[in-house]
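To keep things clear, I will list the structure first and then write my remarks on it.
When a ligand or atom number is given, it counts from 1 through the structure's own listing order. In what follows, residues are counted from 1 in the order of the sequence shown.
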Amino acid sequence: MKSFLANRPDAPSRCTFTLNGDQSECPHNLGSRQKSLRQKIYNNVLELIGDTPLVRINRLVCDAGVKCNVLAKLEYLNPGGSVKDRIGLRMIEEAERNGSLKPGDTIIESTAGNTGIGLALVCAVDILRALGTEIVRTPINATFDSPESDIAVAHQLKTQIPNSHILDQYRNPYNPIAHYDTTAEEILEACNGDIAMVVAGAGTGGTLTGLSRKLKERCPNCIIVGVDTEGSILALPEAMNKIGITFYEVEGIGHDFIPTVLDRSLVDRWYKSTDMISLKYSRKLIKDEGILCGGSSGAAMACALQACKDFNLTENQNCVVILPDSVRNYMTKFLSDDWMYDHGFLGIKDKPSNEWWQTKSISSLLIREPITVSANTTIQSVLDIMYARGFDQIPVISDDG
Ligand SMILES: Cc1ncc(COP(=O)(O)O)c(C=O)c1O
């Protein structure tokens, strides 16, 4: 039978390797490989939290006409996929240390997702031996002080579940301390203490507060830029927040209250991003830099590029931008052209409906004739056919067609 495949996946190999064979034609790199700085074997995934890489941004920087080094800290490379692994680990360690959290207890946390994943990851590995994670969904548009908000539901659950604890990322001092002790140290070390600007979004504000406290101590001239989103009230001066919008799509940044751990006195300049700009820049980071980040990373990067220009950062100066999480959480959202169009973030000219195949008929496709069975065929025969063909479904045609 004629194959539909131009190149069969089981065609003879073109690889010339033979065990102990002639190496003159060998395709493998026989030179010494650059040694990885990471250790070889880790005792568990918690040892992989932190020490995330700083990666130079190239095309976006060039397109924006920015002169300085823009360095993205890829927090999505934490094992749980976000910056929140850091605080998950630290908040649990401290709660265990002070004796408030014991094996068998329940942890409740209001979270958009990443902190929940971070906590679940730590519990899965840690001595607490988690029995599993349960998700209680709450409406995203509930105000923080309404009874159906994530925070109110967490408090409600705490009254119902014995031996339960809310680690409370909004008030827990070990949220910013985790960043003071790790994220900021890693940045200082990677840049040899030479950092002109740090840009981070604010959700709870733990990242921004922890980073600014350490950097203001060790690198006093470093400019701290906070990123908020339109629809949120975290930025200063207050006038920046009074625009009559309360809803936004970008997740992880912004709130309708000022979290206790957010110390706004250390932020030199706030920038506000819009959904349109944030999502556009996340897609650019993915497409032009291969950085598979989430929506708030686009907000941070867009504001960072603007801030580099506003503060006239020059060649050799370092601007570090925190990219908090990965696109994994948003596959059906801003990664999808259809979603972007439906939500008004793509214009009519980018409408994802003008595909060449949309007007073609099914008969123009090279599809094999379907295999069907009659209702009288034995179950065993049908299973034999399905097994042989690799089908998981087969149409059954009745006697009258
Ligand atoms: C997805 C996501 N997670 C976490 C953070 C950091 O938040 P926090 O201010 O709570 O440290 C951000 C901030 O940009 C974020 O976008």
Side-chain angles (χ1 to χ4, degrees), residues 49-50 52 72-78 80-91 109-119 140 144 150-151 167-184 198-214 224-235 248-255 257-264 266-267 270-273 275 277-279 281-282 285 291-304 320-330 333-334:
I49 295 177
T52 52
K73 189 143 174 79
L74 306 189
E75 288 299 304
Y76 66 79
L77 290 175
N78 280 300
S82 90
V83 68
K84 295 292 188 179
D85 289 2
R86 295 177 188 266
I87 70 163
L89 179 60
R90 188 63 187 262
M91 293 193 306
E109 188 68 25
S110 65
T111 163
N114 286 332
T115 306
I117 294 171
L119 291 171
I140 50 167
F144 78 96
D150 55 344
I151 296 173
L167 293 175
D168 196 352
Q169 55 175 334
Y170 296 104
R171 293 193 308 137
N172 192 318
Y174 292 103
N175 171 355
I177 288 173
H179 296 290
Y180 180 95
D181 285 352
T182 67
T183 324
V198 162
V199 182
T204 64
T207 311
L208 196 52
T209 301
L211 285 178
S212 16
R213 285 183 177 161
K214 174 68 60 75
I224 307 291
V225 171
V227 175
D228 191 18
T229 180
E230 280 194 353
S232 155
I233 61 154
L234 300 183
Y248 48 91
E249 290 287 350
V250 171
E251 293 173 45
I253 48 175
H255 275 296
F257 63 98
I258 311 296
T260 308
V261 297
L262 171 58
D263 181 352
R264 296 190 292 175
L266 296 170
V267 178
W270 284 93
Y271 283 76
K272 284 275 206 184
S273 188
D275 281 341
I277 297 280
S278 306
L279 300 179
Y281 273 82
S282 298
L285 281 164
I291 291 180
L292 306 182
C293 60
S296 64
S297 299
M301 187 54 66
C303 295
V320 174
V321 190
I322 308 294
L323 304 191
D325 76 348
S326 102
V327 72
R328 175 196 67 185
N329 297 342
Y330 315 101
K333 292 190 159 184
F334 77 84

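The two residues Leu285 and Ser297 have their closest heavy-atom pair at CD1-O, 3.9 Å. The nearest pair of heavy atoms linking Ile233 to Lys272 is N-NZ, 4.4 Å. Nearest heavy atom pair, residue Tyr281 against residue Gly298, reads CB-O, 3.4 Å.
Contacts of Tyr330 classified as ring pair (Phe, Tyr, Trp, His ring centres under 6.0 Å), with partners at least two apart in sequence or in another chain: Phe334.
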Q.
Walk me through whether Gln169 and Thr115 qualify under side-chain hydrogen bond (donor to acceptor under 3.5 Å, both in side chains).
A. CA-CA 8 Å; Gln169 55 175 334; Thr115 306; 2.8 Å; yes
Q | Working for side-chain hydrogen bond (donor to acceptor under 3.5 Å, both in side chains), residues Asn175 and Thr204 | A | CA-CA 9 Å; Asn175 171 355; Thr204 64; 3.0 Å; yes
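Closer than 4.0 angstrom to ligand 1 sit non-hydrogen atoms from Val83, Lys84, Asn114, Gly201, Ala202, Gly203, Thr204, Gly205, Gly206, Thr207, Glu251, Gly252, Ile253, Ser296, Pro324, Asp325.
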